[in-house]
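Notes for the one structure printed next.
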Amino acid sequence: GYVRFFHPSDQVGAADWKPHLEAMADGSVLEREGWIRPGAFRSALDDAHTHREMPRQFWRLLVLEHWARVHERSTEAVHI
């Protein structure tokens, strides 16, 4: 057997992810750490709202942001 991973657009409307995307646009670890250009995600999110489209890249960035936040918290706890 195999495991299938669902993209949120397969099951859930983009509006359900809006609060998470907005939170990311307002304070992204990816921006702070230099993974993406400051303000770029906010600009892309505003553009997506204007055109009523939620690109799959947003889902990927949201997953990466979540990973970065978890990783950031775990490294803060390490004292050498």
Side-chain angles (χ1 to χ4, degrees):
Y2 64 94
V3 176
R4 179 167 182 228
F5 293 96
F6 292 94
H7 183 279
S9 65
D10 293 338
Q11 298 177 341
V12 190
D16 295 331
W17 293 98
K18 186 177 179 181
H20 302 287
L21 295 169
E22 289 290 338
M24 183 179 160
D26 292 338
S28 170
V29 172
L30 298 177
E31 285 184 356
R32 198 169 55 247
E33 298 273 326
W35 290 63
I36 58 177
R37 190 177 71 247
F41 185 74
R42 166 53 70 196
S43 177
L45 186 59
D46 291 346
D47 188 54
H49 287 306
T50 299
H51 293 97
R52 298 177 186 240
E53 295 178 345
M54 285 295 156
R56 286 188 176 220
Q57 290 88 341
F58 283 5
W59 166 243
R60 293 178 182 123
L61 283 171
L62 190 60
V63 170
L64 185 57
E65 175 72 17
H66 175 73
W67 174 86
R69 288 180 183 199
V70 168
H71 184 268
E72 181 180 57
R73 284 193 301 263
S74 68
T75 58
E76 287 175 357
V78 175
H79 298 284
I80 299 177

Among residues at least two apart in sequence or on other chains, which ones pass side chain to side chain donor-acceptor pair (under 3.5 Å) with His20? none

Ring pair (Phe, Tyr, Trp, His ring centres under 6.0 Å) with Trp67: which residues, sequence neighbours excluded? His71

So, using salt bridge (charged side-chain N to carboxylate O under 4.0 Å, His left out) as the criterion, who are the partners of Arg42 when residues are at least two apart? Glu22, Asp26, Asp46

Just how far is it from atom CG of Leu61 to atom CG of Leu30, taken to the nearest 0.5 Å? 6.5 Å

Tell me the closest heavy-atom pair linking Phe58 and Ala48, and the distance in Å. CE2-CB, 3.6 Å

How long is the straight-line distance from CE of Met24 back to NE2 of His66, given to the nearest 0.5 Å? 12.5 Å

Does a side-chain heavy-atom distance below 4.5 Å link Phe41 with Leu21? yes

Check whether Ile36 and Met54 end up in the same hydrophobic cluster, where Ile, Leu, Val, Met, Phe, Trp and Tyr are linked by side-chain heavy atoms less than 4.5 Å apart. yes

Closest non-hydrogen atom pair between Pro38 and Glu31, with its separation: CA-CD, 3.8 Å

